[in-house]
Amino acid sequence: MAQNNCANNMIATHQRRSCTKFTADRLKILIDTFNQKPYPGYATKQKLALEINAEESRIQIWFQNRRARQSFQRTEPEQALETSQAHRQHLPAEIQATLDRRCHTCYTSSQLRTLIKAFKNNPYPGIDSREQLAKDIGVPESRVQVWFQNRRSRLFAQRKREPDEILEQIQDKG
DNA sequence: CATCTAACCTATTCAAGGC
DNA sequence: GCCTTGAATAGGTTAGATG
């Protein structure tokens, strides 16, 4: 039995970026912003990143973690309200319009070739590999991370849909 | 060792752009 | 209009720091 899947193997060699330490005054800015707006748009996150001299992706992670921690501290009515805000299908159009996203990144075919090759080599790159890859193809490291996340998720989804085909492909090669 | 929290993961959904 | 895929989310796990 092959008891080791990718996710388990990954952990041993997997090197993550070092922990960001926010100073008290910068943390205060983050918390104040969070209290006003727990779902900031891209522009807000960028502004915050500039203001406290951190990468925009660190701001995004911080808000993700903060929301996760907040959600089980909250009482039920409050939580219900926030959940409905998170699932914005209920919100009026003008509010949705203010929720700006980062621009859709369009990768060139040569950038994609590099990414796919790296993915085949290792679908769980550590921070160093991601940064090298980002430098090679000229996009921010956070985009590389998101690309790998999406790629893995879609591979898992595909395996669920058509487990036999994937199995056959693997067996053919072996 | 217990606690806290940044970093990271999958699963799912939203949305841009190509056909 | 549908499909592919980047961006964002919820919710959960891992690991580094600190008392």
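First the proteins, then the strands, lettered A, B, ... as listed; each starts at 1.
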Any side-chain N or O of [X] less than 4.0 Å from the OP1 or OP2 oxygen of [N]?
X	N	value
A/Arg16	C/dT14	no
A/Thr20	B/dA7	yes
A/Arg130	B/dC8	yes
A/Arg67	C/dA10	yes
A/Tyr39	B/dC14	no

Tell me what [X] touches on the nucleic acid: a base, only sugar-phosphate, or nothing, going by heavy atoms under 4.0 Å.
X	result
A/Arg102	sugar-phosphate
A/Ser153	base
A/Gln64	base
A/Arg58	sugar-phosphate

*Give a yes or no on whether a donor-acceptor pair under 3.5 Å exists between the nucleobase atoms of B/dC14, that is its base, and the side chain of A/Arg101.*
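A donor-acceptor contact between them is present.
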
*So does A/Arg154 reach the base of C/dT4 with its side chain, donor to acceptor, closer than 3.5 Å?*
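When only heavy-atom distances are counted, A/Arg154 does not reach the base of C/dT4 through any donor-acceptor pair under 3.5 Å.
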
*Determine the minimum heavy-atom distance between A/Pro38 and A/Phe63, stating which atoms define it.*
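Closest pair (atom of A/Pro38, atom of A/Phe63, distance): O-CD2, 3.6 Å.
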
*Which heavy-atom pair separates A/Ile31 from A/Trp62 by the least distance, and what is that distance?*
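Taking every non-hydrogen atom into account, N-CH2, 3.8 Å.
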
Between atom [atom1] in [X] and atom [atom2] in [N], what is the gap in whole Å?
X	N	atom1	atom2	value
A/Leu155	C/dT4	CG	C1'	15 Å
A/Lys160	B/dT10	NZ	P	12 Å
A/Phe22	B/dA7	CZ	C1'	11 Å
A/Gln145	B/dA6	CD	C1'	12 Å
A/Arg17	C/dA17	CZ	C1'	17 Å
A/Gln15	C/dG16	CD	C1'	14 Å
A/Arg152	B/dA11	CZ	P	11 Å
A/Trp62	B/dT5	CH2	P	10 Å

*Verify same cluster id: A/Leu133, A/Leu112 (apolar side-chain graph, 4.5 Å)*: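 They do share one cluster, since a chain of ILVMFWY contacts under 4.5 Å joins A/Leu133 to A/Leu112.
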
Between [options], spot the one nearest the side chain of [X], thanks.
X	options	value
A/Ile61	C/dA7, B/dA7, B/dT12	B/dA7
A/His104	B/dA6, B/dA11, C/dT5	C/dT5
A/Asn150	B/dT12, B/dT10, B/dC8	B/dT12

*In sequence, state the C-alpha distance, the side-chain angles, and the governing distance for A/Gln132 and A/Asp128, and then conclude on side chain to side chain donor-acceptor pair (under 3.5 Å).*
CA-CA 6 Å; A/Gln132 183 60 52; A/Asp128 287 350; over 6 Å; no

*Between A/Glu141 and A/Arg17, is the closest basic N to carboxylate O distance under 4.0 Å?*
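Yes, charged N to carboxylate O under 4.0 Å.
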
_Along DNA chain C (nearest heavy atom to each residue), the more 5'-positioned of A/Leu112 and A/Gln149_ =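 Per heavy-atom nearest nucleotide, the more 5' residue is A/Leu112.
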
*Closest-nucleotide ordering on DNA chain B, the 5'-leading residue of A/Phe148 and A/Cys106*: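 Nearest-nucleotide comparison on DNA chain B picks A/Phe148.
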
*Centre of A/Tyr42's six-membered ring, under 6.0 Å away, within 45 degrees of the axis: is that where NZ or CZ of A/Arg101 sits?*
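The answer is no; the distance or angle limit is not met.
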
